[in-house]
Amino acid sequence: MAVWSAPGKVFLFGEHAVVYGKPGIAMAIKPRVYVTVRKTRHPPRVKSPYLEKCFELMGVNGSVYIHSQLPSSSGLGSSAAVTVATLSAINDEFDLGYGRPEIATMAHSVEKSVQKGRASATDTYVSTFGGVLLIQGGDIKRRLPPEDFHLVIGNTMVSHSTARMVEQVGKFRATDPDIVNPILDAIEAVTMRSLHVFQDQRALGGRYMDINHELLEALGVGGHPALTRLVTAARAAGGAYGAKITGAGGGGSIVALCPKRSKSKIAGAIEGCDGRAIITTIDNEGARKEKEDERNRTDKTRR
Ligand code: PMV
């Protein structure tokens, strides 16, 4: 039996634009997904297309148990974390000898095939390697120094479909390229400018995250009123440096960058607007092997 876990992620900058080869910056966060894989003579049929693809790609069969601290379909990379932890656990249990870069590449190909080609490498790379990564063109451009960022995530509890949101932006771009392409260029500029102020959280949040949020609104992915409510609550009532949608939008979550002392106040403001708050920080580890007694935790949910 092998037990592995992998973290979720937030996009600090560049979601949607990364699908068109632009840079994106994403950070691994503390909530994790735990996966147990066992060699068994008669493995049960797996129900999730992600898990099915993982076993298919690795060319083996086994049973799999999942326990997730991450809400699914909420923009926090839970499917990537499940995929990365599952591939890592299969690799370990069946002694296949793949390294971390190969796991990241395979995880990306699983996501791409399940999401019909519409998946950047961001979620799977961040979940595999941890930390803060600058991603572009399907590859890690740079690992950014670990920052002491205090984040409050606000989950709208409105589930979204990443594939559908990506498709919506694609259609908008096909009909109005003269509008959408400059927005994608502006998101790229914001992402690149943010690198110059990475140590200045006030500027990073208050200027660049906020601008990135407005650009996502312009792309049409801010659509759900709950997102606007949570962003406004985090900024105004809570005193965040800045706040934006994180992930595909149309529901899902927002992320607020905030002073340490304001975390609880911001979480309270989010909960006051019917959102679910998660106070979190960076996870520098990425995918990791867990002790076997994790089994008690992982056995709770079976897929
Ligand atoms: O909502 P999430 O966590 O699936 O993030 C989607 C981010 C997109 O840029 C919209 C798509 C992608 O594959 O990067």
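Note that ligands are numbered from 1 as they come in the structure, with each ligand's atoms numbered from 1 the same way.
When each atom of ligand 1 is checked for a heavy atom of T162 under 4.0 Å away, the hits are 1 (O), 2 (P), 4 (O), 6 (C). Taking every non-hydrogen atom of F11 and a distance limit under 4.0 Å, the qualifying atoms of ligand 1 come out as 7 (C), 14 (O). For ligand 1 and H160, the ligand atoms under 4.0 Å from any heavy atom of the residue are 1 (O). Here is the list of ligand 1 atoms found below 4.0 Å of a heavy atom in V18: 9 (O), 14 (O). Every atom of ligand 1 is numbered from 1 in the order shown, and the set under 4.0 Å from a heavy atom of K9 is 2 (P), 3 (O), 5 (O). Taking a cut-off of under 4.0 Å to the non-hydrogen atoms of G77, the atoms of ligand 1 that pass are 3 (O). Interface atoms of ligand 1 facing E15, defined by a heavy-atom separation under 4.0 Å, are 9 (O).
Of all the heavy atoms of D123, the ones lying under 4.0 Å from any atom of ligand 1 belong exclusively to the side chain.
Closest to atom 11 (C) of ligand 1, if we only count protein heavy atoms, is V19 CG2, 3.8 Å. The nearest heavy-atom contact from the protein to atom 5 (O) of ligand 1 is G247 CA, 3.5 Å.
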Can you give the donor-acceptor pairs under 3.5 Å from side chains of residues 125-142 to other protein atoms, not counting sequence neighbours?
unit_1 : atom_1 : unit_2 : atom_2 : d
S127   : OG     : P7     : O      : 2.8
T128   : OG1    : T124   : O      : 2.6
Q136   : NE2    : G21    : O      : 3.1

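Residues N91 and E102 are not in side-chain contact: their nearest non-hydrogen atoms beyond the backbone lie 4.5 Å or more apart.
In terms of N/O distances under 3.5 Å, ligand 1 is approached by A248. Checking only distances, S120 does come within under 3.5 Å of ligand 1, N or O to N or O. Residue H16 places at least one N or O, backbone or side chain, under 3.5 Å from an N or O of ligand 1.
Without hydrogens or angle criteria, E93 side chain to M1 main chain gives a donor-acceptor distance under 3.5 Å.
Residue R164 places its CZ atom among 12 or fewer non-hydrogen atoms of other residues, nucleotides or ligands, all under 6.0 Å distant.
Under the side-chain hydrogen bond (donor to acceptor under 3.5 Å, both in side chains) criterion, R229 pairs with no residue, sequence neighbours left out.
With D92 as the fixed residue, the salt bridge (charged side-chain N to carboxylate O under 4.0 Å, His left out) test singles out one of R288, K39, R38, K289: K289.
Ion pairing of K53 with E56 is present here, as a side-chain N (NZ or NE/NH1/NH2) and a carboxylate O approach within less than 4.0 Å.
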